[in-house]
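Here is the structure we will look at.
Chain identifiers are assigned alphabetically (A, B, ...) following the order of the sequence lines, protein sequences preceding nucleic acid strands; residue numbering begins at 1 within each chain.
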2 protein chains.
Amino acid sequence: MATIKDVAERANVSISTVSRVVNGTATVAAAKRDKVLQVMAELKYQPNSAARALAGNKTGMLGIVANDLADPFFATLLKGVETEARQAGMQVLAACGHHDAEQEEAAIRSLLSRRCDALIVHSKDIPDQQLLDLLSECPVAVVVNREIPEIADRCIWFDNLAAGYMATKHLLAQGHQNIAWLGRNQNITDNVDRYIGFCNALGQAGIDHNKAYKAFGEATVEGGYQLAYELIRSKSEVTAIMAYNDAMAAGCLRALHELNYKLPDDCSVMGIDDVILGLVVYPQLTTVNYPVEDIGRTAVKKALALLADQQLEMTNHFSPKVVIRGSVASLRKSVLRKSGS
Amino acid sequence: MATIKDVAERANVSISTVSRVVNGTATVAAAKRDKVLQVMAELKYQPNSAARALAGNKTGMLGIVANDLADPFFATLLKGVETEARQAGMQVLAACGHHDAEQEEAAIRSLLSRRCDALIVHSKDIPDQQLLDLLSECPVAVVVNREIPEIADRCIWFDNLAAGYMATKHLLAQGHQNIAWLGRNQNITDNVDRYIGFCNALGQAGIDHNKAYKAFGEATVEGGYQLAYELIRSKSEVTAIMAYNDAMAAGCLRALHELNYKLPDDCSVMGIDDVILGLVVYPQLTTVNYPVEDIGRTAVKKALALLADQQLEMTNHFSPKVVIRGSVASLRKSVLRKSGS
DNA sequence: GTGAAAGCGCTAACAT
DNA sequence: ATGTTAGCGCTTTCAC
């Protein structure tokens, strides 16, 4: 591939002049500029980013650590990040943690090694202190979906507790009392917080959450399916299911269909996340919106502001919002229907 | 961040020695090696990839051009690419084309500029010749989901025509005759090929495809929904819908539910792609498997082989496979049910 | 086994 | 407005 030197020689100018034309860092005589531009095209010149990074001490790359790129949740986060980064002329370098502490660390290290100008980190498996330690090597790092007190101003998170609370409140408002919790069998903060929100709402309604129906499994469509299938067969008095996330809720819906439940009247189902899955199931899922794409964009904005040393004040805390669709019915209606059949 | 020089000084060795320890390119006396290792840890040394790339003339980066990272299809492709790349110790650099020729070109250029060792390209909007021209600047490029005669050996594609054909055959085998085609309103080869497959199957069954029911719209859940809704209301004699992809098929299912169709008996629906959406809808979608993740992995393997100058012979052509789930019923059953109601 | 030194392609002073 | 030059941090000969 052609280098800046090749271009300079062919255009009879110095490499500085070529550099100026490429970067627009200073004015160049029109004739020379045109000649350079022409030669660049002829030679299909593409500046070497490695050399640029080395000389200029910035790479123009934004690193992002996610868990699993195929998961709609991370894919959406990534999209938000990419959109915003591209607008700022930066490239996104993605590395996967695969829900594993060691791989998460390796992912961060490789991004560090690439000298990304900034890092957006989604990590659940590395302990706070170790993460802080790793990130201390990075000029700018923003943490998403996690709150670390020491760097609270560089954390962007979603209020999972409020999400669990609001979702459950919504179910209670529809008259449901026998509400089951379909949880995730993994103690990450998301899960714990949503569950606490669930318990709080129940407690406030005078329902003892210890007596609430609960089942725990994998946070996937399949996990939700299996859990719901078992639960409903043994506890037919349950009139509403609060799932940890939309994937589980979708599995849940499928199980109920298979058990010939008429939805949503025979049983209401509520999710949290608001991913695309909720739009394709029938009935469409009533859920709580988790603005992932927005979070991704905000994380990048924050990172860019930090890079530019602007103290740009912005929310780093996103609140949930209930999205009403078709999977939750009021209990009254359900009961009427049941007694009628 | 610490440099190789810092490490060398602190360990009382030359930078060459540090380099040797880091890369294992030559044996170093045990004592020195240990000292270097220790200092590296103390200083949290991370080799600067830019400098490495510049000096070593390879970046260890694999570039991938996709359209939209949030689309489950590309997300899965990306996952396959990432998995395979990571095993080979390479990092993935993603750039988006956003279904637009100019942006696709910009994406490729930026990847070229980054001096990726190899490129995996998914491009639909750039004409063959221009794409060849762009890729000629890249040491190794593999094209996915497209066949360009000049570089056929570096193309990995899926037989869309066979997919359309097999899917339609499946519908015909269930006795359906009034089959509607829910197509994409954009002439990319995928769409055209699948449609030709559809027509061929129909023709073989003695059905004039010109008279077949057709509707075209956006290849999304929403697009499928709207199209199906309109189509079914005006052409109730349709007993089966062949959708361009799973997303449209999912939208289709929703429309039918809303029209109070009993599925799959009142109307069968078939998709193509086999993405996660098909597992959450009810009934689960009968579709044709498109092994995207596999294609992603194969593309990387091919790229790596090319990099290593191995002439590794491998399939660069993936065939479809029908995946039978619950959204297609045999016509006989449907008719019986209809006359009985 | 180890160190010195020459680049890799570029940017950013610094001259002119 | 333009050219010269000194690095950026590393790999890789080439000597010893």
Side-chain angles (χ1 to χ4, degrees), chain A residues 1-37 39-40 43-61 89 91 109-110 112-117 137 139, chain B residues 1-37 39-40 43-61 89 91 109-110 112-117 137 139:
Chain A
M1 244 193 168
T3 70
I4 197 172
K5 211 174 139 198
D6 300 330
V7 177
E9 280 170 8
R10 184 121 163 212
N12 285 316
V13 295
S14 72
I15 59 168
S16 318
T17 300
V18 177
S19 176
R20 284 171 190 124
V21 172
V22 172
N23 300 296
T25 30
T27 40
V28 171
K32 291 201 175 182
R33 194 197 54 220
D34 292 348
K35 178 69 183 166
V36 169
L37 252 17
V39 173
M40 276 171 50
L43 264 36
K44 298 184 192 173
Y45 171 68
Q46 297 284 351
N48 182 321
S49 304
R52 265 185 158 164
L54 198 52
N57 203 31
K58 58 172 194 274
T59 58
M61 292 198 301
Q91 192 111 25
R109 280 196 191 287
S110 76
L112 247 28
S113 194
R114 296 281 173 203
R115 297 294 188 279
C116 291
D117 295 335
E137 293 302 298
Chain B
M1 243 192 168
T3 71
I4 197 171
K5 211 174 138 200
D6 300 329
V7 176
E9 280 171 9
R10 183 123 163 208
N12 286 313
V13 296
S14 72
I15 61 167
S16 318
T17 300
V18 177
S19 177
R20 283 172 191 125
V21 172
V22 171
N23 300 296
T25 29
T27 41
V28 171
K32 292 202 175 183
R33 194 197 53 219
D34 291 348
K35 178 70 184 167
V36 169
L37 252 16
V39 173
M40 277 170 52
L43 265 36
K44 296 183 194 174
Y45 171 67
Q46 297 284 351
N48 182 321
S49 305
R52 265 185 158 163
L54 196 52
N57 203 31
K58 59 174 193 275
T59 57
M61 292 199 302
Q91 193 111 27
R109 280 195 192 286
S110 75
L112 246 29
S113 195
R114 296 279 173 204
R115 297 293 188 279
C116 291
D117 295 335
E137 292 302 299

Base, sugar-phosphate, or nothing for B/N57, non-hydrogen atoms under 4.0 angstrom?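 Nothing, no nucleic acid heavy atom in range.
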Which part of the nucleic acid, if any, lies within reach of A/T27 when heavy atoms closer than 4.0 Å are counted: base, sugar-phosphate only, or nothing? sugar-phosphate
Map B/I15 and A/I15 onto DNA chain C by nearest heavy atom, then report which one ends up closer to the 5' terminus. B/I15
What nucleotide, of [options], holds the atom closest to the side chain of [X]?
| X | options | value |
| --- | --- | --- |
| A/S16 | D/dT5, D/dT2, D/dT11 | D/dT5 |
| A/K32 | D/dT2, C/dC10, C/dG1 | D/dT2 |
| A/S14 | C/dT11, D/dC10, D/dG3 | D/dG3 |
| A/R20 | D/dT2, C/dT2, C/dC10 | D/dT2 |
| A/V13 | D/dG3, C/dT2, C/dC10 | D/dG3 |
| B/T3 | D/dT2, D/dA1, D/dG9 | D/dG9 |

Rounded distance (Å) that lies between atom [atom2] of [N] and atom [atom1] of [X]:
| X | N | atom1 | atom2 | answer |
| --- | --- | --- | --- | --- |
| A/M40 | C/dC10 | CE | P | 11 Å |
| B/L54 | D/dG7 | CG | P | 17 Å |
| A/R52 | D/dC10 | CZ | C1' | 20 Å |
| A/K5 | D/dT5 | NZ | C1' | 14 Å |
| B/D34 | C/dG1 | CG | C1' | 15 Å |
| A/K58 | D/dG9 | NZ | P | 15 Å |
| A/N23 | C/dA13 | CG | C1' | 15 Å |
| B/M1 | D/dC10 | CE | P | 10 Å |

Closest-nucleotide mapping onto DNA chain D: is A/A30 or B/A50 further toward the 5' terminus? I mean the 5' end. A/A30
Looking at B/K5, I want to see if its NZ is surrounded by more than 12 non-hydrogen atoms of other residues, nucleotides or ligands under 6.0 Å. no
If you count heavy atoms of other groups shown closer than 6.0 angstrom to CG of B/N23, is the number above 12? yes
For A/Y45, run the side-chain contact (heavy atoms from CB on, under 4.5 Å) check against A/L37, A/V22, A/D6, A/V39 and tell me which one passes. A/V22
Indicate yes or no: at least one non-hydrogen side-chain atom of B/L43 is less than 4.5 angstrom from one of B/V7. yes
